[in-house]
Amino acid sequence: MKEPKDHYVPKFYLKRWSQNNPDQKLFSFRFFPDTKKVHWTPRSPSGTGYERALYGEIEETFFKPLDDDASRILNKLESDDIVRPLKLDLGEKDHNNWAIFILGLIIRVPDKIKHIHDSYENSGVPANIAKKEIPNIIENKSAVKDLRSLTWLFARVETNLELITCDNPVIFRPNNLSHPDCSIILPMGPKHFFLATRGENIQRFEKNHRKMVTNINIEIIKNANKRIYASRKHSVKDNFIIKHLEKKTAPNKKVQ
C-alpha cells in the first residue's frame with residue numbers, strides 16, 4: 001500500500017491556476033539544462049506538489065484544517081477584487097490564521113522539513129517526534145506577531161501577462177521578519193497576489209502592472225526547487241524562464 005500524498009503546495013492553491021481550464025489541469029514546467037529543451041506537462045492539482053509521507057499524522061490534524069481556513073479566507077479576500085489594505089478587514093481569527101498559513105507555506109517544503117528532521121535527529125530526537133513539532137515551529141508566537149504587524153495587501157493585476165507559481169511559492173526578501181525592508185509576496189492565481197510589508201515600503205513597489213508581474217515571476221523562478229506552474233503553456237515565454245533559471249541553477253541540477 002502506497003504512503004499518503006502530503007501536499008506541501010496545497011491543492012486549493014494550485015487549483016487557482018487550473019480552475020479556468022476545461023480539463024481543470026495546470027501546466028508543470030520542466031527544463032533539461034544539457035539539451036536546453038523545455039517540457040510542459042498538464043497536471044491535476046492533486047497530482048503534483050506533494051511528497052509521500054512527508055508529514056505523517058499532522059497532514060490531517062494540522063495542515064488540512066489550516067488549508068481549509070486559508071481557502072475560505074482567500075475567497076473572502078477576493079470578494080472585492082481590488083487593491084486594499086486588509087489588516088483591519090479580516091478580523092482577529094482570520095488575520096491570525098492567514099499569518100500561520102503563510103508561515104506554513106515557508107516551512108512546509110521538503111528541504112526545510114528535512115532540515116528540521118536532521119536538526120532534531122542530531123540532538124537525539126526521533127523523526128516522528130520532530131514531525132509533531134512542526135506545527136509549534138510554524139505557530140511561533142513571535143513570528144506570527146511580526147507578520148501580523150506588517151501591512152497586508154491583496155492585489156489584482158490588470159494586464160494580459162499572467163503570474164506563475166512554483167513548489168516554493170512564498171517570496172520572502174530578506175529572510176527576516178524583523179528587517180525593516182522585509183517583504184512577503186505570494187502569487188494567488190494568474191491575476192492575483194498577496195503582499196505583506198511595512199507601510200512605508202509599499203511606495204517602493206512597481207506601480208506598472210506588467211513590470212510587477214514580470215518582477216514577481218522572476219522571483220518565483222529563483223525560488224523554484226523542482227517545479228514551476230502556470231495556467232497555460234504560454235503564460236510566460238520559455239526563454240524567459242530558461243534565462244532566469246540558468247542564473248540560479250547549477251550545471252548538474254534541473255527543474256522538473
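The analysis underlying the following values was restricted to heavy atoms, covering all of them including side chains, and did not include hydrogens, waters or symmetry mates.
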Contact between S119 and I116 at the side-chain level, heavy atoms closer than 4.5 Å - yes or no? no

With a 4.5 Å cut-off on side-chain heavy atoms, are S178 and D146 touching? yes

Going by atom types alone, do N97 and R72 pair a side-chain donor with an acceptor below 3.5 Å? no

Answer with yes or no whether the side chains of T165 and Y13 bring together a donor and an acceptor at under 3.5 Å.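 On atom types as modelled, these side chains qualify, holding a pair under 3.5 Å.
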
Carboxylate-amine/guanidinium proximity below 4.0 Å for [X] and [Y]:
| X | Y | value |
| --- | --- | --- |
| E162 | K191 | no |
| R173 | D181 | no |
| R210 | E158 | no |

At their closest point, which heavy atom of [X] faces which heavy atom of [Y], and how far apart are they?
| X | Y | result |
| --- | --- | --- |
| C182 | F172 | SG-CE1, 3.4 Å |
| F205 | S183 | CZ-CB, 3.7 Å |
| I58 | K132 | CG2-CA, 4.3 Å |

Given side chain to side chain donor-acceptor pair (under 3.5 Å), test T48 with Y229 step by step and report yes or no. CA-CA 10 Å; T48 189; Y229 300 112; 2.7 Å; yes

Who are the salt bridge (Lys or Arg N to Asp or Glu O under 4.0 Å) partners of K64, not counting sequence neighbours?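 Partners of K64 by the salt bridge (Lys or Arg N to Asp or Glu O under 4.0 Å) criterion, ordered by chain and then number, come out as D68.
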
Residues at least two apart in sequence or cross-chain that pass salt bridge (Lys or Arg N to Asp or Glu O under 4.0 Å) with R198, listed by chain then number, are none

Less than 6.0 angstrom separating the ring centers of W98 and F194, yes or no? yes

Distance check, rounded to the nearest 0.5 Å: K15 atom NZ versus S44 atom OG?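 Taking NZ in K15 and OG in S44, the distance rounds to 9.5 Å.
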
Can you check ring-ring contact (aromatic ring centres under 6.0 Å, His included) on W40 and F29, steps first, answer last? CA-CA 5 Å; W40 288 96; F29 178 93; 4.9 Å; yes

Begin from the C-alpha positions of R148 and E92 and carry the test salt bridge (Lys or Arg N to Asp or Glu O under 4.0 Å) through to its verdict. CA-CA 10 Å; R148 291 186 62 179; E92 175 67 22; 2.9 Å; yes

If the condition is side chain to side chain contact (heavy atoms under 4.5 Å, CB included), which residues does D67 pass it with, not counting sequence neighbours?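 Only P10, F12, F101, R108 meet the side chain to side chain contact (heavy atoms under 4.5 Å, CB included) criterion with D67.
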
